[in-house]
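Residues: numbered from 1 along the sequence shown.
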Amino acid sequence: MSLMKCGIWSLGIFRPCTSSFCTRRSISLFPGSPTTTQWSKVVSDAEKIVGYPTSFMSLRCLLSDELSNIAMQVRKLVGTKHPLLNTARAFVYDSRNNLQMRGLVVLLISKAAGPSKAADDTLQHDMVSGIYASQRNLAEITELIHTAFLVHRGIVNITELKSCDGPLKDMQFGNKMAILSGDFLLANACTGLAQLQNTKVVELVSSAIGDLVQGIYYENSYLPEKNAFTDDIGITNWMEHIFLSHGALLAKGCQAAMELAKHDTEVQSMAFQYGKHMSLSYKLNSDLQPFLNGKHSGTSFGLNCAPVVLHQEFVGREAWMEEVKQAHLKGNLIDLAKLQEAIKAGKGVTAAIDLCRYHGNKALENLQCFPPSKARSALENIVYAVTRFP
């Protein structure tokens, strides 16, 4: 069943971003990133360790007739503002977001852990650069699932469209392509998952898919069409929801990689915790970008991002609603720059930085169970990259 049929997609992302920050939804694979040059070096060094550049989906899938046909159909959307075009463009051109991020981490933690003592010696012949073939397949599956959800999130609410967004029939066609192509990727991931022939891994990854759906449902419940600024999310709820939508897939992917190598539950738990805390740290870094020094005033941000949620907790409900009221323009529009300055003047940004570093440190702690190696160092460098601020 496609996610469109679940009734959880209500996007309204085509209103001018210069006047309303609530109406834009990021569709990047890992929205926001550390300094581009620094991050690219970290990823490039990590790729060398795992043997070859990783990919957000397998070459077999990329070269399939079905996906080639989808790519041809997507070309019909050129000239419109359908987000599926931006998603496809990001796959090829966007250097700020590393599409292979989740798969790369799964491969690195597989290599850092190595084979367990309980592993069958015959499996050693199945290893390339210290990583089992099944673990490489799992890394591809993880990226396929993430990409499928990303494509599904490109479905737009037809009732929210304006004439400048493109012809209605083209936008409807884009929605159909987003549903079908996302379903195709998800089906390929499920097929690959079954071929691993490991019941616990199937259970882990399947539960991660459920977590993604639940997390995105919560995320949509705070969209502006439902008056997001009147809801007091709270940082505890924010953390729970962000883990579901941004951290569960990577955390459970790391745990599944340990299961494939027959590591015990303690090692599996450490791998899970690393994936969880690293994902949360990365998301916090992403949310902080519009508020850091040197960022232009009025940079688009969401009312449910971490600095805003923390700011609300510090100033209190009444004071926050007054700030929102003062930033209102005509209609239901918000003066982004004015509200952004109010948030930067408070304690929310500093608290978000501290929280980002806290989760980064927790991720590093869970790597200590693995022996020192280049793979472990690469995992540590990924954390350092997202917890370093100007």
Side-chain angles (χ1 to χ4, degrees), residues 10-36 83 86 90 94 96-97 153 215-216 218-235 237-239 241-242 245-246 279-315 317 319-329 331-356 359 386 389-390:
S10 176
L11 295 190
I13 62 173
F14 287 118
R15 296 172 189 165
C17 63
T18 56
S19 58
S20 175
F21 61 84
C22 293
T23 53
R24 179 171 292 274
R25 167 99 139 241
S26 172
I27 57 172
S28 62
L29 287 104
F30 228 143
S33 63
T35 304
T36 303
N86 293 333
D94 194 352
R96 293 175 303 167
N97 297 296
R153 295 179 74 172
I216 296 171
Y218 286 138
E219 182 179 309
N220 279 332
S221 70
Y222 297 120
L223 285 178
E225 292 84 354
K226 299 185 179 181
N227 298 319
F229 64 84
T230 64
D231 293 326
D232 187 6
I233 303 173
I235 194 62
N237 287 336
W238 183 90
M239 296 291 292
H241 299 168
I242 291 302
S245 60
H246 288 78
S279 296
L280 292 173
S281 182
Y282 204 123
K283 183 60 170 67
L284 284 158
N285 180 291
S286 167
D287 283 3
L288 279 161
Q289 293 307 308
F291 302 94
L292 298 179
N293 294 333
K295 298 293 180 181
H296 298 293
S297 295
T299 303
S300 180
F301 60 93
L303 282 170
N304 60 341
C305 69
V308 176
V309 174
L310 288 164
H311 177 74
Q312 291 182 58
E313 292 198 346
F314 278 114
V315 301
R317 175 73 170 169
W320 165 244
M321 293 305 297
E322 182 62 27
E323 289 176 346
V324 172
K325 182 179 179 180
Q326 292 177 3
H328 260 113
L329 300 173
N332 193 32
L333 305 179
I334 299 289
D335 185 342
L336 257 183
K338 188 173 184 178
L339 192 60
Q340 186 183 45
E341 289 305 315
I343 295 168
K344 290 171 70 173
K347 300 179 180 179
V349 174
T350 302
I353 291 175
D354 291 341
L355 192 58
C356 177
H359 285 289
V386 300
F389 296 93

Closest approach of Phe389 to Cys356 (non-hydrogen atoms, all atoms of both residues): CZ-SG, 3.6 Å
To the nearest 0.5 Å, tell me how far Leu280 CG sits from Leu355 CG. 8.0 Å
Aromatic plane relationship, Trp320 with His311 - under 30° parallel, 30 to 60° tilted, over 60° perpendicular: perpendicular
Rounding to 0.5 Å, atoms CG (Leu339) and CG (Leu303) come to a distance of 6.5 Å
Does any part of the side chain of Trp238, heavy atoms only, come nearer than 4.5 Å to the side chain of Lys283, both counted from C-beta? yes
When you look at Lys347 and Leu310, which way does the side chain to side chain contact (heavy atoms under 4.5 Å, CB included) test go after all the steps? CA-CA 8 Å; Lys347 300 179 180 179; Leu310 288 164; over 6 Å; no
To the nearest 0.5 angstrom, please state how far the CD atom of Gln326 sits from the CE atom of Met321. 12.0 Å
Side chains of Val308 and Phe291: does their closest heavy-atom pair fall under 4.5 Å? yes
Nearest atoms (heavy-atom pairs only) where Leu288 meets Ala352: CD2-CB, 3.6 Å
When you measure from the side chain of Ser245 to the backbone N and O of His241, does any donor-acceptor pair fall under 3.5 Å? yes
For the CG atom of Asn237 and the CE atom of Met239, what is their distance to the nearest 0.5 Å? 11.5 Å
Heavy-atom donor-acceptor pair, Gln289 side chain to Asn285 backbone, under 3.5 Å: yes
